[in-house]
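Take a look at the structure below.
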Amino acid sequence: MTEFHFTPKKYIYNVFMAREEQKDVYLVSNLVSSEPDKHARRDNLSKYKTLQVNYQDNITKIIMNRPEKKNALSLEMYNEIICALDEAGKDDSVLTVLTGYGDYFSSGNDLNNAKYISPKKDEILKTPLEVVRNFVCKFIDFPKPLIAMVNGPAIGIATTILGLFDLVYASDKATFNTPFSKLGQHPEGCSSYTFPKIMGLAKATEVLVFNKTLTAREACDLGLVTEVFPDNTFQKEVWSKLRAYATLPKNCLTLSKQLIRNVEKEKLHAVCEKEFELLAKRANSEDSLKAVQLFFQRKAKL
């Protein structure tokens, strides 16, 4: 048997370095998720700038990670979520989960994206709207069960896309708001169709047109949210459910989801197209530009 001889100094150095490596592993694990994932894949950690994406227990978890901006959806984040959903649809996972890092699920569309829209009334820079439209289409077409874990407030498109998820679990601290009228904008995320279908025409109008904020319990009572959990047990209870779901046969879940969803897929794409046609036409309207300008003026005063 080979013997190894260490000088005291070298032994102390090796112990020190081993401890430092353990600290690094611990820090990386905490960055991956608000709930430690000891066996998470780390190959995607450096790939995304605005997301944390990892795989564990047959579940792909996509975490929106701009807590300093309340997880506002920049153009970069839109594109990264599109990419993450593409990969999740093809990987070995049974389920895919979208959630937010920090106190917010997402504060919705980053209004700095408006800077990419041409100031000329007769000219529309379509690229930002096309990115968001492609983002919505990825949710419509996603082949596997898709679950939202709404850990905090969801605003704008972060609320409207929930009608395209298969399950929506929410913390009791979550709220849901679509302040489109205040910003001179219009519903998107297929919510002009899914919300009336889910919660009825009158309630959907109150939410989408008149900016009513829903509590998690109200959203659950209206059918937008599947189940509400106390915030202090939210992560533990939801992950317990999802791990159990992820033990079910993958192909069975995928085909069942498609059987349920494919009936309306063509309709959803048509609705999405119509919503973005209106948004494109209205992007440079006077009231819309004024609303966005007022937003940035208020923001500058803070």
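Across every non-hydrogen atom of Pro143 and Thr254, the tightest pair is O-CG2, 3.4 Å. Heavy-atom minimum distance, Gly102 versus Asn151: O-ND2, 3.0 Å. Heavy-atom minimum distance, Ala170 versus Ala174: CB-CB, 4.2 Å.
Neither Leu73 nor Ile155 shares a network with the other; the hydrophobic side chains, linked directly or stepwise wherever heavy atoms of I, L, V, M, F, W or Y lie under 4.5 Å apart, form separate groups for each. If you chain together hydrophobic residues whose side chains sit under 4.5 Å apart, Leu167 and Leu255 never meet in one group.
More than 12 heavy atoms of other residues, nucleotides or ligands lie within 6.0 Å of NZ in Lys144, so this atom counts as buried by the packing criterion. Open room surrounds NZ on Lys274; 12 or fewer heavy atoms of other groups in view lie less than 6.0 Å from it. Annotation: Glu68, atom CD; neighbour count of heavy atoms from other residues, nucleotides and ligands within 6.0 Å is above 12.
Here the CG-NZ distance, from Leu85 to Lys138, works out to 8.0 Å after rounding to the nearest 0.5 Å. Atom NZ of Lys90 sits about 13.5 Å away from atom OG1 of Thr60, to the nearest 0.5 Å. Atoms CG and CG, from Leu201 and Leu208 in turn, are 10.0 Å apart once rounded to the nearest 0.5 Å. Taken to the nearest 0.5 Å, the CG atom of Leu224 stands 5.5 Å off from the CD1 atom of Ile198. Interatomic distance, His269 NE2 to Arg133 CZ, rounded to the nearest 0.5 Å: 11.0 Å. Atom CG in Leu278 sits 4.5 Å away from atom NE2 in His186 (nearest 0.5 Å).
The side-chain heavy atoms of Leu164 and Phe142, taken from C-beta on, include no pair separated by under 4.5 Å. Residues Phe195 and Lys203 fail the side-chain proximity criterion, which asks for heavy atoms closer than 4.5 Å. Side-chain atoms of Val136 and Ile157, non-hydrogen and from C-beta on, do get closer than 4.5 Å to each other. Side-chain contact between Phe176 and Val207: absent, with no pair of heavy atoms (C-beta onward) separated by less than 4.5 Å. Counting only heavy atoms from C-beta outward, the side chains of Glu188 and Phe180 approach each other to under 4.5 Å. For the pair Lys212 and Glu218, the minimum side-chain heavy-atom distance is below 4.5 Å.
Salt bridge absent: Asp103 and Lys173 never bring a charged side-chain N and a carboxylate O closer than 4.0 Å. Under 4.0 Å is where a charged nitrogen must lie from a carboxylate oxygen, and between Asp172 and Arg217 no such pair does. Using a 4.0 Å cut-off between charged side-chain N and carboxylate O, Lys257 and Asp166 make a salt bridge. For the pair Glu76 and Arg66, the salt-bridge criterion is not met [side-chain N within less than 4.0 Å of a carboxylate O].
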So Lys69 and Met77, side chain to side chain contact (heavy atoms under 4.5 Å, CB included) or not? Walk me through it.
-> CA-CA 12 Å; Lys69 298 292 185 181; Met77 185 184 278; over 6 Å; no

Check step by step if side chain to side chain contact (heavy atoms under 4.5 Å, CB included) holds for Thr159 and Val150.
-> CA-CA 9 Å; Thr159 289; Val150 186; over 6 Å; no

Show the numbers, then the answer: is there a side chain to side chain contact (heavy atoms under 4.5 Å, CB included) between Ile147 and Phe165?
-> CA-CA 6 Å; Ile147 295 98; Phe165 281 75; 5.5 Å; no

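Checking each of Asp91, Val94, Asp92 against Asn58 for a side-chain contact (heavy atoms from CB on, under 4.5 Å) leaves exactly one that passes, namely Val94.
Taking the six-membered ring for Trp and thresholds of 30 and 60 degrees, Phe135 and Tyr78 have ring planes more than 60 degrees apart, a perpendicular arrangement. Classification of the Tyr169-Phe229 ring pair by plane angle, with boundaries at 30° and 60°, yields perpendicular.
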